[in-house]
Amino acid sequence: VGAGKYAFSYIGGYFMNSIIGVRFSEIGKIYYFDPKGLTLAEGTRVIVETSRGVEIGTVVLANRMVDEKDCYLPLSPVLRVATPEDLAKDAKNREKEKSALKICEEKIAKHKLGMTLVDVEYTFDNSKIIFSFVAEGRVDFRELVKDLASVFRTRIELRQIGARDETKALGALGTCGRVCCCKRFLSEFVPVSVRMAKDQGMSTNPTKITGACGKLICCLSYEENVYEDAFKTMPRVGYTVSTPDGVGVACEVSVLNETVKVRFDKDNVEIKVYPAKDIKILRGGKQQRQEDDAEELSAEQIKELEEE
């Protein structure tokens, strides 16, 4: 059935749209497009219409039908399967990016700007060049843009990116010794918080929970749903609980072992370990603040670690 700029089918009482998923970089975000009747296998290079012009990408999700409520309409169209000429033009753009990187670095030095160039990207149709950079604060690069426009004779966009995006673009080794997840397989960043580290019983010492980017390690989010489910029935550290031996305060919780360590006096003299099933959270019990001055983070430190 045709409707406006996209096509759909009525299946089982639902309006279903035909879509494909396309990436514009190896580990980039997946964007969805209308295949316009083309059957496209994974790995196919395609020319598509995007908000910033005509681009070349790679199909990572082959044709499939999805509920129209699960996609933003109207979808931009696939213009064609990339031709040998298109592939040659894309390869030429990659070479031009290397040259543009050197030129921009020279111009930054000339204007004495406090910024570090990270990446350069030509749009497929050469209508724009995007320079990505990092800087401590705001940078007045108006003169730099004019200078670059006079050299390249096309639209120039300077995009300031964060520490996470810089590490994703350049790559680095994580604390585990492997290449950072964002460089290997993460297509999008998810929010990560210090609370996740506390939930998982990890030290909140910044040197132990931050990655190469200086922000909280992304892998804190991988198992967080398991801990969130567990804490629906298990107490958090500091909760007042009832045990077979009386009332105490949870001072250590092991979600994986399903055990809770309980303190019965303030001097930490009497501490016992119980299976989680033998522990009952007292609704009227107050959560007590745990003293750990060596690892206590200020509000400013937490904000710095968690921000993108």
Side-chain angles (χ1 to χ4, degrees), residues 21 23-31 52 57-58 60 94 97-98 100-102 104-105 107-109 111-122 129-141 144 156-228 292 294-308:
R23 272 193 176 131
F24 299 103
S25 61
E26 187 176 356
I27 312 294
K29 182 179 178 180
I30 298 176
Y31 294 89
R52 65 181 195 181
T58 304
V60 292
R94 302 290 82 80
E97 288 170 356
K98 297 176 183 178
L101 183 71
K102 293 180 181 178
C104 187
E105 286 177 334
K107 298 297 183 182
I108 290 172
H111 291 278
K112 298 179 181 180
L113 297 174
M115 55 194 286
T116 302
L117 191 62
V118 174
D119 190 36
V120 179
E121 181 184 359
Y122 268 81
I129 308 175
I130 303 166
F131 296 89
S132 300
F133 70 94
V134 291
E136 290 295 328
R138 294 180 63 86
V139 179
D140 184 356
F141 47 68
L144 175 62
I156 301 295
E157 178 181 331
L158 265 73
R159 179 183 299 167
Q160 186 169 359
I161 62 176
R164 292 187 188 277
D165 291 305
E166 178 187 15
T167 300
K168 183 179 178 68
L170 301 178
L173 291 179
T175 54
C176 60
R178 304 185 69 182
V179 175
C180 290
C181 298
C182 59
K183 184 65 175 177
R184 288 191 294 125
F185 62 85
L186 284 183
S187 58
E188 294 184 75
F189 291 111
V190 297
V192 187
S193 68
V194 172
R195 180 60 178 272
M196 293 179 180
K198 292 181 178 179
D199 282 350
Q200 296 171 38
M202 297 179 65
S203 164
T204 53
N205 185 323
T207 61
K208 297 181 179 179
I209 57 173
T210 55
C213 58
K215 305 299 180 182
L216 294 173
I217 48 179
C218 294
C219 55
L220 284 174
S221 66
Y222 296 172
E223 298 176 355
E224 180 60 16
N225 61 328
V226 175
Y227 287 86
E228 288 178 352
D292 191 0
E295 296 184 350
E296 192 66 26
L297 299 175
S298 66
E300 291 75 15
Q301 286 177 306
I302 291 175
K303 181 180 179 180
E304 173 67 20
L305 292 173
E306 293 181 349
E307 68 181 5
E308 296 296 318

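FYI, side chains are in, hydrogens and waters are out, and symmetry mates aren't considered; it's all heavy atoms of this structure.
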- [ ] Supply the atom-to-atom distance L158 CG to L113 CG, rounded to the nearest 0.5 angstrom.
- [x] 9.0 Å
- [ ] Please answer whether the main-chain N or O of Y122 pairs with a side-chain N or O of E97 as donor and acceptor at a distance below 3.5 Å.
- [x] yes
- [ ] Examine distances only and state if a side-chain atom of Q200 and a backbone atom of Y227 form a donor-acceptor pair shorter than 3.5 Å.
- [x] no
Open item on the list: Applying side chain to side chain donor-acceptor pair (under 3.5 Å), can you list everything that pairs with D199, at least two apart in sequence or on another chain?
Closed with: R195, R236
Open item on the list: Nearest 0.5 angstrom please: I129 CD1 to L101 CG, how far?
Closed with: 11.5 Å
Open item on the list: How long is the straight-line distance from CD1 of I30 back to OG1 of T58, given to the nearest 0.5 Å?
Closed with: 11.5 Å
TODO: Any chance you could measure S132, atom OG, to I161, atom CD1, to the nearest 0.5 Å?
DONE: 5.0 Å
- [ ] Locate the shortest heavy-atom distance separating I217 from V192; write the atom from each residue and the value.
- [x] O-CG1, 3.6 Å
Open item on the list: Measuring from atom NZ of K198 to atom CD1 of I209, what distance do you get when rounded to the nearest 0.5 angstrom?
Closed with: 9.0 Å
TODO: Given side chain to side chain contact (heavy atoms under 4.5 Å, CB included), test S221 with M196 step by step and report yes or no.
DONE: CA-CA 7 Å; S221 66; M196 293 179 180; 4.2 Å; yes
TODO: Please name the pair of heavy atoms, one in S193 and one in L216, separated by the smallest distance, quoted to 0.1 Å.
DONE: C-CD1, 3.5 Å
Open item on the list: With rounding to the nearest 0.5 angstrom, report the CD1 to OG1 distance, I108 to T116.
Closed with: 7.5 Å
TODO: Only counting residues at least two apart or in another chain, list the ones meeting side chain to side chain donor-acceptor pair (under 3.5 Å) with E157.
DONE: K128, R159
- [ ] State whether the number of non-hydrogen atoms from other residues, nucleotides or ligands found under 6.0 Å of E223 atom CD is greater than 12.
- [x] no
- [ ] Quick one: list whatever passes salt bridge (Lys or Arg N to Asp or Glu O under 4.0 Å) with R23, sequence neighbours left out.
- [x] none
Task: Shortest non-hydrogen contact between F24 and G57, atoms and distance - done: CD2-CA, 3.9 Å
Task: Which atom of V134 lies closest to which atom of G162, heavy atoms considered - done: CG1-O, 4.1 Å
Task: Residue list, ring pair (Phe, Tyr, Trp, His ring centres under 6.0 Å) with F141, at least two apart or on another chain - done: F133
Side-chain atoms of residues 167-186: list all donor-acceptor pairs with protein atoms under 3.5 Å, sequence neighbours left out, distances to 0.1 Å.
| unit_1 | atom_1 | unit_2 | atom_2 | d |
| --- | --- | --- | --- | --- |
| T167 | OG1 | A163 | O | 3.2 |
| K168 | NZ | I27 | O | 3.0 |
| K168 | NZ | C182 | O | 2.9 |
| K168 | NZ | L186 | O | 2.4 |
| K183 | NZ | A169 | O | 3.1 |
| R184 | NE | V179 | O | 2.8 |

Open item on the list: So, using side chain to side chain contact (heavy atoms under 4.5 Å, CB included) as the criterion, who are the partners of K102 when residues are at least two apart?
Closed with: none
